[in-house]
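Only one structure is covered here, and it is reproduced in the block below.
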Amino acid sequence: MTYNPSFHLLFVLWIHCFIICLAISVKNLTTDQFALLQIKNGIADPQNVLANRWEASSSVCNWIGVSCGVIHERVVALNLTNMDLTGTIPPHLGNLSFLPSLDLSSNHFFGHLPKELGQLHRLRVVRFSFNALSGEIPSWFGNLHKAKMLKMRSNTFTGTIPGTLVNMSNLEVLDLGFNQLFGQIPLSIFRITSLKEIYLEDNSISGSLPDDLCVHLPKLINCIANLTQLKELYLTANDLRGEIPKKIGNLLSLELLSIQEMKGLGGEIPMEIGNLLNLEVLSIQEMKSLKGQIPTSIFNISSLKIIALAGNSLSGNLPDSLHHLSKLEGLYLDANELSNTIPRSIGNLTQLTELQLGSNNFEGISFLQIL
Ligand SMILES: *[C@@H]1O[C@H](CO)[C@@H](O)[C@H](O)[C@H]1NC(C)=O
Ligand SMILES: *[C@@H]1O[C@H](CO)[C@@H](O)[C@H](O)[C@H]1NC(C)=O
Ligand SMILES: *[C@@H]1O[C@H](CO)[C@@H](O)[C@H](O)[C@H]1NC(C)=O
Ligand SMILES: *[C@@H]1O[C@H](CO)[C@@H](O)[C@H](O)[C@H]1NC(C)=O
Ligand SMILES: *[C@@H]1O[C@H](CO)[C@@H](O)[C@H](O)[C@H]1NC(C)=O
Ligand SMILES: *[C@@H]1O[C@H](CO)[C@@H](O)[C@H](O)[C@H]1NC(C)=O
């Protein structure tokens, strides 16, 4: 057999790679294990969920809440949801450098999010909802370019929403509801055209600055109007002012629209809502400054399952023909100033199980009893 120098070279390179690659992978799984043990040591675990299940003697890949990749043996998911864990989030989490999925929701984690998490640039799913985390929404979230989901609902985050979130250019779900955020929503957020769901309800997002852009609801929707993939929009108990703008009719993918309990919101419900032919839930409630008739175009949206317009100051009558609403399960119109008769076609809504019409000026409610 003749000596083949190129074969020799390839062989040497292969051996080198084998040793180096093996070394890297061993080092990194060890890094992951070290990081996870630091996490275990840094938090209180009153139910002993991790105590006997995160032992250095077994591979991290078998630990509860931990998943490893098949190709690179690295931790690719950490899911510690609902384990009654307490403590601050350890900075060592930032060493799980392959991690695409992190779910710490429904525990008692408190304190600030450590900046080391900004190194986890592979993250796609980030869930911290239902904890007691505080501080501002960190600007380093902008580093997480691949993230599709950021859920931080029901914590005590405060401050304004950082403009750096615009760099989360693949974000589809942003849930910051039930926190203590205030100030204006940065205009740049609405350049994340991948966004499908935004939840900002139960904060104090407001428009006290005169030159703010996206805070008054018309302008907010002007910004949102570019989010043509948006499927769900909840805006509840914020301090947004103005009227519901016609441009809301541009959000053709909307399946759920909820605008509730905003004292500063007045005017009428725009008939352009009738363009939203994928809408299943329409909830515009508890706003006494909202006047005028219910646009008849709404009763043409055959996909609607819930129409909830209670607690406003809506007047006029219901249209005679409600037969387009063949999927309607709930109709809530109570506590308005609606009048005249209730159309008999309401009896043709075979899916209807909840009907609330009280505290209006309807005549002839009695016939409903024979339905
Ligand atoms: C984490 O686990 C819970 C319960 O098993 C599950 O509902 C949730 O979807 C998981 N989180 C992620 C990000 O997969
Ligand atoms: C892991 O992270 C901590 C805190 O960020 C750091 O001090 C430590 O050096 C890191 N360890 C490894 C093995 O990378
Ligand atoms: C977004 O990222 C780009 C490029 O990395 C950077 O130049 C820009 O300042 C970032 N924007 C924000 C608002 O952080
Ligand atoms: C929305 O899109 C229009 C037209 O493409 C653009 O001029 C406008 O700046 C965009 N608005 C925002 C808030 O990005
Ligand atoms: C409702 O739909 C019908 C048939 O598609 C159409 O003729 C009518 O103009 C629509 N009404 C409203 C108020 O949009
Ligand atoms: C209700 O349905 C019946 C049978 O499908 C139809 O004859 C009737 O015209 C409908 N009534 C109203 C008010 O739409």
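Here, residue 1 is the first one in the sequence, and each next residue gets the next number.
Lys146 NZ: more than 12 foreign heavy atoms inside a 6.0 Å radius. The environment of NZ in Lys288 is crowded: more than 12 heavy-atom neighbours from other residues, nucleotides or ligands sit within 6.0 Å.
Side-chain atoms of Asn348 never come within 3.5 Å of backbone atoms of Ile346 as a donor-acceptor pair (strictly under, hydrogens ignored).
Distance check, rounded to the nearest 0.5 Å: CZ of Phe178 to OG of Ser129 gives 11.5 Å.
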Subject >> Verdict with reasoning, Asn79 to Val66, per side chain to side chain contact (heavy atoms under 4.5 Å, CB included) >> reply: CA-CA 6 Å; Asn79 188 343; Val66 179; over 6 Å; no
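Of all heavy-atom pairs spanning Pro343 and Leu318, the tightest one is CD-CB, 3.8 Å.
Side-chain atoms of Thr164 and Trp140 form no donor-acceptor pair, as typed in the model, at a separation below 3.5 Å. Side-chain polar atoms of Asp84 and His108 form a donor-acceptor pair below 3.5 angstrom. Gln260 and Ser283 share a donor-acceptor pair across their side chains, judged by distance under 3.5 Å alone.
Inter-residue side-chain proximity for Arg74 and Leu96 is flagged as unmet; no heavy-atom pair is nearer than 4.5 Å. Counting heavy atoms from C-beta outward, Asp103 and Val125 have side chains that stay 4.5 Å or more apart. For the pair Ile294 and Ile269, the minimum side-chain heavy-atom distance is 4.5 Å or more.
Salt-bridge annotation for Lys305 and Glu329: absent, with no side-chain N of the basic residue lying under 4.0 Å from a carboxylate O of the acidic one. Salt bridge status for Asp45 with Lys40: absent, with no side-chain N to carboxylate O gap under 4.0 Å.
Using a 30° and 60° split on the angle between ring planes, Trp54 and Trp63 fall in the parallel class, below 30°.
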